[in-house]
Amino acid sequence: MEDYVIEMLHITKEFPGIIANDDITLQLKRGEIHALLGENGAGKSTLMSVLFGLYTPEKGVIKKDGKEVKISNPNDATALGIGMVHQHFMLVDIFSVLDNIILGAEPSKFGFLTKADARKKVIELSEKYNLKVDPDAMVEDITVGMQQRVEILKMLYRDNDILIFDEPTAVLTPQEIDELMAIMKELAKEGKSILFITHKLNEIMEVADRCSILRKGKYIGTVDVANSSKEELSSMMVGRDVKFAVDKTEAKPGEEVLKVENVCVKSKLHKNDSVHNVSFNVRAGEIVCIAGIDGNGQTEFVGGLTGLEDISSGKITLCGEDITKKSIRYKNTHGMSHVPEDRHKHGLVLDYTVEENMILQRYFEPQFSKHGIIKKDAMREYSDRLSEAFDVRSGKGSKSITRSMSGGNQQKAIIAREMDRDHKLLIAVQPTRGLDVGAIEYIHKEIVKERDNGSAILLVSLELDEVMNLSDRILVMYEGEIVGEVDPKTTSLQELGLYMSGAKRDDRKEA
Ligand SMILES: Nc1ncnc2c1ncn2[C@@H]1O[C@H](COP(=O)(O)OP(=O)(O)OP(=O)(O)O)[C@@H](O)[C@H]1O
Ligand SMILES: [Mg+2]
């Protein structure tokens with residue numbers, strides 16, 4: 001008989017308008033890494049939230065070590081040794097790293113907190129598993145990579161041995177991903193059992209022993225990864241073959257749409273410039289990509305460009321007009337679209353519905369409002385049309401609160417809105433983060449279509465496959481500067497890597 005540490009049998013969980021989990025059975029072997037794969041909205045996070053006690057299923061049972069258990073809340077889950085790193089982290093921003101790790105599991109002796117012991121344990125764990133964190137830093141000041149290490153330490157601190165990772169790699173840099181893969185393998189070797197959600201098939205091939213596939217709330221099957229292939233996994237999940245390469249013709253660049261001259265942006269955290277003297281241009285009909293390792297000034301640069309941050313010097317021209325000092329709303333209504341890096345902070349108002357989010361920057365236009373009153377029918381019609389075109393899935397369609405939607409569907413809603421708005425320039429930062437392979441294929445096709453219709457596209461991506469497949473020109477950013485420009489048709493991943501790591505740089509001509 002198989003040694004299952006967790007069995008979820010015939011689980012059904014419904015939300016208004018949708019059966020998120022429809023009779024799903026998932027069996028986790030002791031000491032295995034078990035991947036969970038499925039399209040955006042397939043029900044992966046829901047199933048894991050059931051196991052972690054955040055949702056109570058309508059039907060089904062959960063067994064731990066062969067015995068039926070009741071998991072009504074996360075405390076029950078913790079008591080059974082189950083821990084979870086959430087898709088959108090659940091840390092308290094204004095607490096320190098250490099306080100976040102011990103929150104709810106504070107050690108005490110005769111009722112007194114013995115924080116020194118807690119600190120010692122956290123430091124030991126962080127050294128043992130190579131999870132570098134600064135225990136005294138405030139969570140709001142640390143990178144997402146470190147936030148994730150905090151989430152992992154939280155599980156290890158509680159001595160959990162069933163570990164759920166909900167899309168942990170979506171927000172990590174390639175190097176951090178390699179580190180996490182190594183940590184997961186080490187944890188499994190020690191006998192911990194891991195459930196791992198990812199959309200990246202390479203990661204599944206690299207670390208997972210088995211993979212279960214869900215589609216539209218239903219269980220499709222479980223395969224041994226060693227006997228499977230990326231093609232098999234993706235067709236099981238999407239129900240058709242997926243093309244990994246992007247089909248596109250040679251770019252035919254037209255007039256200059258965006259011109260950036262000697263732009264500097266001051267870092268909020270440090271006193272120096274995090275972006276120095278950046279100059280380049282993007283023309284109509286081309287996709288220019290800023291590539292680079294995360295944290296090399298890309299976020300600050302895009303902030304300066306879009307108006308989320310102040311630039312300290314330099315000039316930005318959009319279609320011949322100096323927009324350096326213009327407001328965000330002015331830029332929004334004069335040809336700039338922006339798919340932001342952080343979909344929760346800058347992309348959506350999470351407590352608004354899909355339709356309200358769809359007209360966020362244009363509710364005042366005559367087609368959507370009259371005498372300050374929103375035209376509800378027009379808003380609904382517009383939102384329905386966009387959701388249909390971009391396959392935005394949710395329980396109640398345009399009326400769904402965006403907070404309740406799956407991560408990938410939130411992302412698709414933002415892309416739909418930004419692509420549909422009247423624009424000359426589309427700034428797309430990590431546009432396919434968190435999307436399933438089918439959705440990525442679709443979005444890449446749409447971006448190419450935009451280009452061919454004469455938009456200028458500035459892509460900012462950490463995903464090397466995306467950078468190489470989609471771009472017409474690649475600029476590499478390193479320590480706040482553009483250190484080189486390469487042609488994706490003639491460069492190699494090795495050459496790109498040299499620029500990205502700062503080992504190679506060109507004398508740049510002025511744009
Ligand atoms: N709290 C909720 N209220 C209403 N509907 C919800 C809620 N949570 C999830 N859903 C719906 O259930 C479905 C499954 O969502 P879930 O988050 O499990 O998908 P997922 O497989 O994790 O997708 P992704 O890859 O995009 O993260 C979605 O259609 C979502 O809109
Ligand atoms: Mg999810």
Side-chain angles (χ1 to χ4, degrees), residues 242-260 278-292 298 301-302 305-306 316-321 323 331-341 347 361 385-386 389-391 411-433 435 437-477 482 484-491 496 511:
V242 175
K243 260 217 198 121
F244 293 102
V246 180
D247 263 335
K248 69 178 169 62
T249 53
E250 193 76 18
K252 296 184 198 71
E255 65 207 52
E256 185 174 79
V257 171
L258 175 70
K259 184 168 189 182
V260 175
V278 166
S279 300
F280 66 91
N281 69 355
V282 187
R283 287 173 291 168
E286 68 170 348
I287 302 172
V288 174
C289 175
I290 298 184
Q298 300 96 316
F301 173 70
V302 173
L305 193 57
T306 54
I316 301 166
T317 311
L318 185 63
C319 299
E321 186 188 8
I323 57 155
K331 292 175 184 173
N332 269 335
T333 49
H334 288 77
M336 186 185 279
S337 270
H338 176 207
V339 176
E341 179 177 8
Q361 304 108 317
R385 178 168 70 71
L386 277 193
F390 285 80
D391 192 25
Q411 183 71 9
K412 286 192 274 181
I414 297 172
I415 295 178
R417 179 186 72 203
E418 295 304 312
M419 287 223 189
D420 195 73
R421 264 174 350 100
D422 223 2
H423 62 274
K424 308 264 174 16
L425 170 70
L426 172 69
I427 303 169
V429 187
Q430 294 279 85
T432 56
R433 177 180 272 180
L435 295 191
V437 288
I440 292 177
E441 180 190 35
Y442 177 75
I443 298 299
H444 281 171
K445 252 201 248 152
E446 287 300 302
I447 291 181
V448 171
K449 221 195 276 169
E450 281 252 329
R451 178 198 79 167
D452 294 343
N453 288 335
S455 275
I457 296 171
L458 178 63
L459 171 74
V460 181
S461 180
L462 306 173
E463 210 71 60
L464 286 184
D465 286 344
E466 180 165 84
V467 170
M468 293 292 260
N469 267 321
L470 201 56
S471 322
D472 298 312
R473 289 195 284 139
I474 303 173
L475 306 169
V476 184
M477 200 158 185
I482 303 288
E485 173 170 342
V486 293
D487 178 347
K489 287 189 294 300
T490 53
T491 190
L496 202 55

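Residue numbers run from 1 in the order of the sequence given.
Put simply, the side chain of N469 does not reach to within 4.5 Å of the side chain of K248, judged on heavy atoms. Side-chain contact between E466 and P431: present, with at least one pair of heavy atoms (C-beta onward) separated by less than 4.5 Å. Counting heavy atoms from C-beta on, the side chains of V257 and C319 come closer than 4.5 Å. Using a 4.5 Å cut-off on side-chain heavy atoms (C-beta onward), V467 and L462 make no contact.
Between K252 atom NZ and D452 atom CG the span is 6.5 Å, to the nearest 0.5 Å. Distance CD1/I457 to CG/L425: 8.5 Å, rounded to 0.5 Å. The distance from atom CG of L458 to atom CG of N281, rounded to the nearest 0.5 Å, is 11.0 Å. Of the inter-residue distances, the one linking L305 atom CG with K331 atom NZ reads 6.5 Å to the nearest 0.5 angstrom. The CD atom of E446 sits 6.0 Å away from the CE atom of M419 when rounded to the nearest 0.5 Å. From E256, atom CD reaches atom CG of L318 across 10.5 Å, with rounding to the nearest 0.5 Å.
Closest approach of M336 to T306, counting heavy atoms only: SD-CA, 4.0 Å. Minimum interatomic distance between E485 and L475 (heavy atoms only, all atoms of both residues): OE1-CD2, 3.5 Å. Shortest non-hydrogen contact noted between L435 and I440 is O-CD1, 3.5 Å. Taking each heavy atom of S461 and C289 in turn, the nearest pair found is N-SG, 4.4 Å. Closest approach of L470 to H444, counting heavy atoms only: CD2-CD2, 3.5 Å. Counting all heavy atoms, side chain and backbone alike, L459 lies closest to S471 at CD2-OG, 4.2 Å.
Residues meeting the side-chain hydrogen bond (donor to acceptor under 3.5 Å, both in side chains) test with D247, sequence neighbours left out: K243. For T491, the side-chain contact (heavy atoms from CB on, under 4.5 Å) partners are M468, V486, E495, not counting sequence neighbours. A search for salt bridge (Lys or Arg N to Asp or Glu O under 4.0 Å) contacts involving R417 returns nothing, not counting sequence neighbours. In terms of the side-chain contact (heavy atoms from CB on, under 4.5 Å) criterion, residue partners of E321 (sequence neighbours excluded) are, by chain and number, I323, K326, Y330. Applying the side-chain hydrogen bond (donor to acceptor under 3.5 Å, both in side chains) rule to E286 yields the partners R473; only residues at least two apart in sequence or on another chain are considered.
Under the 3.5 Å distance criterion, the side-chain polar atoms of S337 are matched with a main-chain donor or acceptor of E418. Looking only at distances, no side-chain donor or acceptor of D420 sits under 3.5 Å from a matching main-chain atom of A416.
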(request) I would like to know whether T249 and R451 meet side-chain contact (heavy atoms from CB on, under 4.5 Å); could you show each step before the answer? (result) CA-CA 11 Å; T249 53; R451 178 198 79 167; 3.5 Å; yes

(request) Would you check, one step at a time, whether the test side-chain contact (heavy atoms from CB on, under 4.5 Å) holds for Q298 with V429? (result) CA-CA 9 Å; Q298 300 96 316; V429 187; over 6 Å; no

(request) Could you go through the side-chain contact (heavy atoms from CB on, under 4.5 Å) check for M477 and V460 one step at a time? (result) CA-CA 10 Å; M477 200 158 185; V460 181; over 6 Å; no

(message) If you apply the rule side-chain contact (heavy atoms from CB on, under 4.5 Å), what do you find for V339 with I414, and how did you get there?
(response) CA-CA 7 Å; V339 176; I414 297 172; 4.3 Å; yes

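When each of L386, I443, I447 is checked for a side chain to side chain contact (heavy atoms under 4.5 Å, CB included) with I415, only I443 meets the rule.
Remark: the T432 side chain and the E463 side chain contain no N/O donor-acceptor pair separated by less than 3.5 Å.
Ring geometry for Y442 against F390 counts as perpendicular: the plane angle is over 60°, on a 0 to 90° scale with 30° as the lower cut.
The salt bridge (charged side-chain N to carboxylate O under 4.0 Å, His left out) pairs that include a residue from residues 422-431 number zero, where partners must be two or more places apart or lie in different chains.
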